[in-house]
There are 2 protein chains.
Amino acid sequence: MLKYQQIANEIEQYIHEQNLKQGDKLPVLEQMMNQYGVSKSTITKALELLERKGVIFQLRGSGIFVRRHNRPGYMSLFSTQGFKSNLGDRVLTSDVIDVSVVKPDSTVAENLGIDVSDDVYRVERVRYVDGEVLCHEESYYVKAIVPYLNREIVADSIFDYVQSALGVTIGFSDMYLQVGRLTESEAEHLGLQENDPTLRIETIFHLTNGKPFDYSRITYHYTHSQFVIQANGPYM
Amino acid sequence: MLKYQQIANEIEQYIHEQNLKQGDKLPVLEQMMNQYGVSKSTITKALELLERKGVIFQLRGSGIFVRRHNRPGYMSLFSTQGFKSNLGDRVLTSDVIDVSVVKPDSTVAENLGIDVSDDVYRVERVRYVDGEVLCHEESYYVKAIVPYLNREIVADSIFDYVQSALGVTIGFSDMYLQVGRLTESEAEHLGLQENDPTLRIETIFHLTNGKPFDYSRITYHYTHSQFVIQANGPYM
DNA sequence: AAGTATAATTGTACCGGTACAATTATACAA
DNA sequence: TTGTATAATTGTACCGGTACAATTATACTT
């Protein structure tokens, strides 16, 4: 692991151990340099990561302060989207409905940047947090990039598998949000009524080299899903 | 304006002028250094901004490539949230329903980190994109930070006013998302039916010094609002 | 052609430095 | 006490450098 990532983790740990809360001040930059035995720019890089993650904010001339204190019951939108899990002590489980190799329809092919004759894995799941229905997911993986999947892998974290077993790393993703009404079959999976409200999110995940490898459509249970997003200026 | 921000803008402009598309390659780092006459780290900083913004991605050993090509009809979630407007050629207008100084209720006070005896501005608007109803907004501004507002300011961009006239800068924000059903009065403002689906977003905006200054509740028109979010690894 | 070693390209990690602007603390005056 | 200059603190911008890992191009085999 990179030094600045490692240090970012240690600082986050430090905040947790010392039980620092919203607005509390961290040691100054120079002290951190000495403490971790690295240069200023490495510390700065670590702090920048934590700032992006919403853990701290920095104020020039003043210091480094703890930012996060999220509302209980709200999940980070990205933690349910395959990224670094930030669910705290909540447990995420899945019912696997389908894992199969199919040909993509034109919409799926287009979103994945492939041809309709290329193979994809189709995965369908219902996901739960602490046993409560969270969402229904239908996702497609480019088989040329993810050559093998089975129900065991899919029941756990597909992203962990892809990253560790296949050695590919996920770079970035585009998410498209929309509110709508449930179809009959969706409602059945979620234990709701047809035409009930729902949040639909389509996501295209890309590798670090920019190639799409996963296109997924998620339909959220509207009373069991509340999300938090932490944004930073000046560019957002 | 800072050098690296300026250069980021110029590079974005360059992409636009050259009509570069998804996957197209930009000049290499060293060439940019010479072209803009700055050091490597400044270019790197500019590119990092653009990467966060979802405009480019960088691939070590290979080059810098154009990332963005968004779906038409989808707005950046942050562009309707007061940040750098990314609406393209769409026009954002407002009907101002209320601008008044009031005492906050306990929920508002808590979200703004103030006392119920402190004054706040209450602003209520209905917002439109290209004349179509987008959302209903109810927001509260800490009067100690924003001492004066009127209907003209509020009809335009409050954030522009706050930043330019008051010289305060917005640092970061926490957004809470939830799907629900419209109340009767909300439905009326949006031209929808009671119990229709809606996306509700509560946002707390903070200054760079960490103080909350705006708490807003927005209710979106579910068929007129589609959002895109661009996320970057490894920390999201 | 098709694979394989080798070299060139290219962005990133990390170092260490100077200058500076925003904040906060201090000293002093009214 | 209250305000006001002054100084100390502290993070950020920007410079310029070395080393390196991932990618891509090249030359060389088979």
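As the structure is a prediction and not an experimental result, all values here were calculated from the model. Per chain, numbering begins at 1; letters A, B, ... match sequence-line order.
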(Q) I want to check one thing: is the phosphate of dT24(C), taken as OP1 and OP2, less than 4.0 Å away from some side-chain N or O of Ser62(A)? (A)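 Yes, such a contact exists.
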
Q) Phosphate oxygens OP1/OP2 of dC14(D): is one of them under 4.0 Å from a side-chain N or O of Tyr4(B)? A)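 No, outside the criterion.
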
Q) Taking only residues two or more places apart in sequence or in another chain, which ones pass side chain to side chain contact (heavy atoms under 4.5 Å, CB included) with Ser39(A)? A)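 Residues passing side chain to side chain contact (heavy atoms under 4.5 Å, CB included) with Ser39(A): Ser41(A), Thr42(A).
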
Q.
Taking side chain to side chain contact (heavy atoms under 4.5 Å, CB included) as the definition, give me every residue that meets it alongside Ser216(B), ordered by chain and number, with sequence neighbours left out.
A.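 For Ser216(B), the residues satisfying side chain to side chain contact (heavy atoms under 4.5 Å, CB included) (neighbours in sequence not counted) are Ser139(B), Thr203(B), Phe205(B), Asp214(B), Ile218(B).
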
List the residues meeting side chain to side chain donor-acceptor pair (under 3.5 Å) with [X], not counting sequence neighbours, and say none if there are none.
X: Ser106(A); answer: none
X: Glu152(A); answer: none
X: Asp105(B); answer: none

For the pair made of [atom1] in [X] and [atom2] in [N], what is the distance, rounded to whole Å?
X: Asn34(A); N: dC15(C); atom1: CG; atom2: P; value: 13 Å
X: Glu48(B); N: dT12(C); atom1: CD; atom2: P; value: 10 Å
X: Leu26(A); N: dT10(D); atom1: CG; atom2: P; value: 13 Å
X: Lys45(A); N: dC15(C); atom1: NZ; atom2: P; value: 12 Å
X: Met32(A); N: dT10(D); atom1: CE; atom2: C1'; value: 12 Å
X: Gln58(B); N: dT24(D); atom1: CD; atom2: P; value: 15 Å
X: Ile7(B); N: dC14(D); atom1: CD1; atom2: C1'; value: 10 Å
X: Phe65(B); N: dT10(C); atom1: CZ; atom2: P; value: 10 Å

Q.
Going by the rule salt bridge (charged side-chain N to carboxylate O under 4.0 Å, His left out), which residues pair with Lys103(B) if we only count those two or more places apart in sequence or in a different chain?
A.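 Testing Lys103(B) for salt bridge (charged side-chain N to carboxylate O under 4.0 Å, His left out), a comparison that skips the adjacent residues, returns Asp119(B).
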
Q.
Side chain of Leu2(A), heavy atoms from C-beta onward: which of dT24(C), dT23(D), dC14(C) has the nearest atom to it?
A.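 Looking only at heavy atoms from C-beta outward on Leu2(A), the closest nucleotide is dC14(C).
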
Q) Which one, dT12(D), dT23(D), dC14(C), comes nearest to the side chain of Lys3(A)? A)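 Between dT12(D), dT23(D), dC14(C), the one nearest the side chain of Lys3(A) would be dC14(C).
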
Throw together a table of side-chain donor-acceptor distances under 3.5 angstrom for residues 26-35 of chain B, partners on residues two or more places apart or in other chains.
{"residue": "Asn34(B)", "atom": "ND2", "partner": "Glu30(B)", "partner atom": "O", "Å": "3.3"}

Q: Can you pull out how bent the helix from dA1(C)-dT30(D) to dA30(C)-dT1(D) is, comparing the axes over its first five and last five pairs, to 10°?
A: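 The angle separating the two end axes equals 20°.
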
Q. With a 4.0 Å cut-off on heavy atoms, is Leu29(B) in touch with a base, just the backbone sugar-phosphate, or nothing at all?
A.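 It contacts base atoms.
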
Q: Identify whether any heavy atom of Leu47(A) sits under 4.0 Å from a base atom; if not, whether one sits that close to sugar-phosphate; answer base, sugar-phosphate or nothing.
A: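 Nothing: the residue Leu47(A), judged by heavy atoms under 4.0 Å, touches no strand.
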
Q) Excluding sequence neighbours, so at least two apart, what forms ring-ring contact (aromatic ring centres under 6.0 Å, His included) with Tyr4(A)? A)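 Expected list: none.
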
**Q.** Residue whose closest nucleotide on DNA chain D lies nearer the 5' end, Ile43(B) versus Lys25(A)
**A.**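 It is Lys25(A) whose nearest nucleotide is closer to the 5' end.
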
Q) Base, backbone or nothing for each nucleotide of nucleotides 3-8 of chain C, written B, S, -, heavy atoms under 4.0 angstrom, 5' to 3'? A) ------

Q | Distance-minimising heavy-atom pair for Phe172(B) and Leu207(B) | A |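 In this case the closest contact between Phe172(B) and Leu207(B) is CE2-O, 4.1 Å.
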
Q) Where do Arg127(B) and Glu137(B) come nearest, in terms of heavy atoms and distance? A)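 It is CD-OE1, 3.5 Å.
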
(Q) Both Val28(B) and Asn209(B) contact DNA chain C. Which one's nearest nucleotide lies toward the 5' end? (A)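 The residue mapped nearer the 5' terminus is Val28(B).
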
Q: Name the residue closer to the 5' end of DNA chain C, choosing between Thr208(B) and Thr44(B) according to the nucleotide with the nearest heavy atom.
A: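 Nearer the 5' end of the strand: Thr44(B).
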
Q: With rounding to the nearest 0.5 Å, note down the distance linking CD1 in Ile170(B) to NE2 in His206(B).
A: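 Between Ile170(B) CD1 and His206(B) NE2, I get 11.5 Å after rounding to 0.5 Å.
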
Which atom pairs, one a donor and one an acceptor, fall under 3.5 Å between side chains of residues 54-63 of chain A and the rest of the protein, sequence neighbours left out?
none

Identify all pairs in which a protein N or O lies below 3.5 Å from an N or O of nucleotides 16-21 of chain D, and state each distance.
{"residue": "dT18(D)", "atom": "O4", "partner": "Lys40(B)", "partner atom": "NZ", "Å": "2.9"}

